[in-house]
Amino acid sequence: MNWREYEQEVFEELRRRYPDALVTRDTTLPGRMSQTSRQIDVLIEAHVFDTPIRIVVDAKRHGRSLDVNDVESFVSMIADVGAHRGLLVSSSGYTAAAAARAHRETNQDIELDVLTLEELKHLQGTLALPFSGAHGVVLPAPFGWVVDAQRREGAVACLYQRGYDLQAAGQAKEWMYLNFWHKDSDAPDLDGLLKLQSKTLHDATISYFPGVERRDARTAIRLAEVPGCPTPEYTGFVEFSDFIFFAVLFTTPEMSKRNVRKLREILRTVVPMTVRHV
């Protein structure tokens, strides 16, 4: 396979993964800082509800593994063209340091991932159908994260950075868990659930933020800062007609802007479903 065939295969895979987006191969974007045109192997232009998302993809066909320098050069290009996300797809793998550099980019307005074409083709856990009783949701994982569908006490599923397991994600202090509330007399709506849960957070400093705009559901985000806990706790709620879905995010303050953006993405994209048990 030559480099053109490799780029075409990456392009076809991304077009399959983003069926509702405009996916363009071998295009250019103006550089805001360089004041020159920048060549883009694959450009993905999508919308998450009313929010435009621009993803720049670089298909690297090298005889060596991608390293930190490759990632840093890519970061500069993403910033120059004003993209929100960047994806490096390597034909020859990548070093652990390259993956760490991509995942720990300090510019929280940019999200990065690095993987091989085979990983892109066979990546698992990017979409889940978590449920509780008769209620469930269709849940796309945020960019660069995967869904761990193993049920644990108090959680129907967890999410964390691709390449981690739950223990490593906990050590990095960047992960989420998901759960449901079935509306009842104790909490018949979102206000009731917030009031009920506040009783277990009596030592915490609690503040609320606007959720995301949805035509079909009410949303909210709560920040709870508990003395002695290693990270703040952000919880996003989506109130559907019969149940409330919520995702609890643990993140360091340094990475909170980026990770709360992932939480908001979940609130925008999660879709309710009814589960029939046979």
Side-chain angles (χ1 to χ4, degrees), residues 7-32 37-60 71 74-75 77-90 102-103 105 107-117 119-129 137-147 159-162 176 210-217 219 221 236 238 245 247 249 257-273:
E7 283 189 11
Q8 181 64 28
E9 191 165 353
V10 171
F11 168 72
E12 294 293 346
E13 180 61 28
L14 290 166
R15 191 163 61 174
R16 183 182 70 82
R17 286 188 168 271
Y18 292 89
D20 298 324
L22 176 62
V23 184
T24 309
R25 181 187 171 191
D26 190 18
T27 187
T28 59
L29 289 173
R32 301 180 302 174
S37 294
R38 305 297 298 266
Q39 190 273 334
I40 308 296
D41 289 344
V42 181
L43 176 64
I44 303 168
E45 295 173 291
H47 281 78
V48 179
F49 279 59
D50 296 327
T51 304
I53 299 293
R54 175 182 282 178
I55 307 172
V56 168
V57 183
D58 198 353
K60 290 291 189 184
V71 176
F74 189 47
V75 170
M77 193 265 282
I78 293 170
D80 196 24
V81 299
H84 309 93
R85 296 171 177 169
L87 184 61
L88 275 170
V89 184
S90 170
H103 296 158
E105 165 58 31
N107 182 346
Q108 295 195 52
D109 291 325
I110 294 176
E111 298 179 67
L112 299 174
D113 203 1
V114 54
L115 69 172
T116 66
L117 178 56
E119 287 174 329
L120 179 63
K121 287 181 176 180
H122 302 295
L123 185 63
Q124 299 296 318
T126 58
L127 182 71
L129 303 174
V137 293
V138 180
L139 174 75
F143 181 82
W145 283 36
V146 294
V147 181
L159 297 92
Y160 42 76
Q161 178 71 55
R162 188 182 62 81
M176 299 186 207
V212 302
E213 291 188 11
R214 293 184 60 131
R215 298 183 181 92
D216 64 336
T219 70
I221 296 176
V238 185
F245 166 83
L249 165 68
K257 181 179 178 181
R258 177 185 301 167
N259 289 330
V260 169
R261 190 163 61 237
K262 293 181 185 295
L263 178 62
R264 295 178 67 85
E265 182 178 339
I266 287 174
L267 301 187
R268 285 192 184 96
T269 57
V270 67
V271 177
M273 67 177 186

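Numbers for residues simply follow the sequence, beginning at 1. Given the structure is predicted, the values throughout are model-derived calculations rather than measurements.
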Trainee: Checking salt bridge (charged side-chain N to carboxylate O under 4.0 Å, His left out) for the pair Glu13/Arg17: CA distance, chi angles, key distance, verdict?
Mentor: CA-CA 6 Å; Glu13 180 61 28; Arg17 286 188 168 271; 3.2 Å; yes
Trainee: How about Arg38 and Val56: do any of their side-chain heavy atoms sit closer than 4.5 Å?
Mentor: no
Trainee: Can you measure from CZ (Phe143) to CD (Glu265) and round to the nearest 0.5 angstrom?
Mentor: 9.5 Å
Trainee: I want to check something: taking the side chain as every heavy atom from C-beta on, are Arg268 and Thr219 in contact at a cut-off of under 4.5 Å?
Mentor: no
Trainee: Using ring-ring contact (aromatic ring centres under 6.0 Å, His included) as the criterion, list what pairs up with Tyr160, not counting sequence neighbours.
Mentor: none
Trainee: Hey, could you give me the CE/CG distance between Met77 and Leu29, rounded to the nearest 0.5 Å?
Mentor: 8.5 Å
Trainee: If I take atom CG from residue Asp58 and atom CD from residue Glu7, how far apart are they, to the nearest 0.5 angstrom?
Mentor: 8.0 Å
Trainee: Salt bridge or not for Glu12 and Arg16, using N-O below 4.0 Å?
Mentor: no
Trainee: What I'd like to find out is whether the side chain of Leu14 reaches to under 4.5 Å of the side chain of Leu120, using heavy atoms alone.
Mentor: yes
Trainee: Salt bridge check, Asp109 against Lys257: does any charged N sit closer than 4.0 Å to a carboxylate O?
Mentor: yes
Trainee: Any heavy-atom pair between the side chains of Val89 and Glu9 that's under 4.5 Å?
Mentor: no
Trainee: If you look at every heavy atom in Ile53 and Ile55, which pair is closest and at what distance?
Mentor: CG2-CG1, 3.9 Å
Trainee: May I ask you to test the Ile110-Phe74 pair for a side-chain heavy-atom distance under 4.5 Å?
Mentor: no
Trainee: Return yes if some donor-acceptor pair links the side-chain N/O of Arg162 with the main-chain N/O of Val114 below 3.5 Å, else return no.
Mentor: yes
Trainee: Are the side chains of Leu112 and Ile78 in touch, meaning some heavy atoms are under 4.5 Å apart?
Mentor: yes
Trainee: Below 4.0 angstrom, N of the basic side chain to O of the carboxylate: do Glu105 and Arg258 qualify?
Mentor: no
Trainee: The criterion is salt bridge (charged side-chain N to carboxylate O under 4.0 Å, His left out); which residues satisfy it with Asp41, sequence neighbours excluded?
Mentor: none
Trainee: Rounded to the nearest 0.5 Å, how far apart are CZ of Arg214 and CG of Leu267?
Mentor: 8.0 Å
Trainee: Which heavy-atom pair separates Pro210 from Ile221 by the least distance, and what is that distance?
Mentor: O-CD1, 4.0 Å
Trainee: Testing the basics here: between Phe245 and Ile266, what is the closest heavy-atom pair and its distance to 0.1 Å?
Mentor: CE2-CG2, 3.9 Å
Trainee: Find the distance between CD (Gln108) and CZ (Arg261) and round it off to the nearest 0.5 Å.
Mentor: 7.5 Å
Trainee: To the nearest 0.5 Å, tell me how far Arg85 CZ sits from Asp113 CG.
Mentor: 11.0 Å
Trainee: Less than 4.5 Å apart, side chain to side chain, heavy atoms only: is that true for Leu159 and Leu139?
Mentor: yes
Trainee: Only one of His84, Lys262, His103 forms a side chain to side chain donor-acceptor pair (under 3.5 Å) with Glu111, so which one is it?
Mentor: Lys262
Trainee: For the residue pair Pro140 and Thr269, what are the closest heavy atoms and their distance?
Mentor: CD-OG1, 3.8 Å
Trainee: Write down the atom of Leu88, the atom of Lys60, and the distance for their closest heavy-atom approach.
Mentor: CD2-CG, 3.9 Å
Trainee: For the pair Leu115 and Leu87, evaluate side-chain contact (heavy atoms from CB on, under 4.5 Å) and give the outcome as yes or no after the intermediate values.
Mentor: CA-CA 8 Å; Leu115 69 172; Leu87 184 61; 3.0 Å; yes
Trainee: Between Ala59 and Val10, which heavy-atom pair has the shortest distance, and what is it?
Mentor: CB-CG2, 4.0 Å
Trainee: Return yes if some donor-acceptor pair links the side-chain N/O of Arg54 with the main-chain N/O of Val81 below 3.5 Å, else return no.
Mentor: yes
